[in-house]
Amino acid sequence: MERPHVVAIAGSLRDRSHTRRALEEALVGVEEAGGSGELLDLREYELPALNPDDDPTEDVEAFTDAVREADAILLGTPMYHGSYSGVLKNALDHCGFDEFENKTVGLLAVSGGAFPITALEHLRTVCRALDAWVLPHQAAVPRAHSAFDDEGLKDEGNRERVLTLGKRAVRYANIEPEPACFESTQNVGARAHADANADVDVDADD
């Protein structure tokens with residue numbers, strides 16, 4: 001059996017992002033569990049605000065291809081105003097069922113204050129809507145400004161939870177698909193929606 005491939009999407013554009021550092025530690029767990037890991041750094045992709053009327057750019061296609069080809073996905077975000085980041089929301093808007101349906105997803109969030117539970121719950125809801133299988137285990141790093149040193153996460157409990165997230169992503173990367181959800185047959189997604197609109201225009205011109 002090939003090694004499960006896990007991509008980690010860092011929903012932060014900061015150069016010294018705590019979210020990115022935490023995901024890098026989760027990817028250590030991926031490697032320890034026998035998988036291969038890849039960080040998808042959103043600073044490296046120019047993802048415009050989603051307009052379903054626009055054709056996908058090269059960067060959008062490169063990003064969605066990387067997500068689609070993964071066996072499992074880790075989503076990491078800072079907590080902004082009680083939820084996940086806008087840059088991660090836009091990245092997810094460019095994805096759809098082709099990228100997430102029947103895919104194992106692990107969730108991680110960091111915050112400057114207390115536990116970022118609402119951000120994790122909001123991401124869990126989005127992943128359910130995309131018919132992904134979200135790991136019961138999730139990782140939260142509170143008070144992120146003091147949670148790291150040069151070696152990584154200082155608190156052993158935090159580090160163990162983050163490593164476990166990566167390990168679980170590998171362990172459950174090849175779960176048996178569930179029957180298609182209602183949303184997957186009704187919500188065709190942004191790219192398919194644009195294609196459908198184009199078809200309608202052609203028919204009208206004929």
Side-chain angles (χ1 to χ4, degrees), residues 4-31 35-52 54-101 103-112 116 118-130 132 134-135 138-141 144-145 147-148 152-153 162 165-166 169 173 189-191 194:
H5 183 61
V6 181
V7 297
I9 303 174
S12 172
L13 301 181
R14 290 184 61 191
D15 287 338
R16 296 180 59 82
S17 166
H18 301 307
T19 302
R20 195 177 305 112
R21 293 189 69 187
L23 283 175
E24 288 169 348
E25 296 221 18
L27 290 175
V28 172
V30 168
E31 297 286 341
S36 63
E38 177 184 5
L39 179 70
L40 300 185
D41 188 341
L42 295 181
R43 296 176 302 172
E44 299 175 1
Y45 298 91
E46 290 188 13
L47 303 180
L50 177 68
N51 182 346
D54 292 340
D55 292 330
T57 65
E58 289 186 6
D59 272 15
V60 168
E61 289 186 333
F63 174 73
T64 55
D65 286 349
V67 178
R68 189 181 314 114
E69 293 169 4
D71 298 301
I73 303 164
L74 299 178
L75 298 178
T77 185
M79 186 169 76
Y80 291 160
H81 305 312
S83 191
Y84 59 102
S85 69
V87 67
L88 181 57
K89 176 66 166 66
N90 187 57
L92 295 177
D93 284 347
H94 282 286
C95 298
F97 290 98
D98 287 345
E99 288 73 34
F100 276 85
E101 189 171 21
K103 196 77 63 77
T104 297
V105 179
L107 304 178
L108 179 150
V110 306
S111 65
T118 52
L120 293 166
E121 290 304 310
H122 294 171
L123 279 176
R124 190 171 291 272
T125 297
V126 171
C127 292
R128 285 198 192 103
L130 290 170
V134 188
L135 291 168
Q138 58 189 17
V141 181
H145 59 282
F148 295 86
L153 284 164
V162 170
L165 186 70
R191 185 180 302 178

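Quick note: numbers below take in every heavy atom, side chains included, and nothing from hydrogens, waters or symmetry partners.
Under the side-chain contact (heavy atoms from CB on, under 4.5 Å) criterion, A132 pairs with F100, V105, C127, not counting sequence neighbours. A169 pairs by the side-chain contact (heavy atoms from CB on, under 4.5 Å) definition with V6, A72, L74, L135, not counting sequence neighbours. Partners of E46 under the side-chain contact (heavy atoms from CB on, under 4.5 Å) rule, at least two apart in sequence or in another chain, are D59. Qualifying side-chain contact (heavy atoms from CB on, under 4.5 Å) partners for R43, counting only residues two or more places apart in sequence or in other chains: L13, D15, R20, D41.
S17 and S12 share a donor-acceptor pair across their side chains, judged by distance under 3.5 Å alone. If you check the side chains of T64 and H94, you find no donor sitting under 3.5 Å from an acceptor.
With a 4.5 Å cut-off on side-chain heavy atoms, L123 and L92 count as touching. The side-chain heavy atoms of D71 and T104, taken from C-beta on, include no pair separated by under 4.5 Å. Side-chain contact check for T118 versus M79: some heavy-atom pair is nearer than 4.5 Å. Counting heavy atoms from C-beta outward, L88 and I9 have side chains that approach closer than 4.5 Å. Taking 4.5 Å as the limit, some side-chain heavy atom of L107 sits within range of a side-chain heavy atom of R124.
Every pair passing salt bridge (Lys or Arg N to Asp or Glu O under 4.0 Å) that includes a residue from residues 81-90 is listed here, sequence neighbours excluded: K89-D93. Within the structure, every pair that satisfies the ring-ring contact (aromatic ring centres under 6.0 Å, His included) test and touches residues 61-87, not counting sequence neighbours, is listed here: Y45-F63.
In this structure, the separation between CD on E69 and NE2 on H5 is 8.0 Å, given to the nearest 0.5 Å.
Closest of all the heavy-atom pairs between P48 and V60 is CD-CG2, 3.9 Å.
Of the possible polar contacts, one joining the S85 side chain to the G11 backbone as a donor-acceptor pair under 3.5 Å is found.
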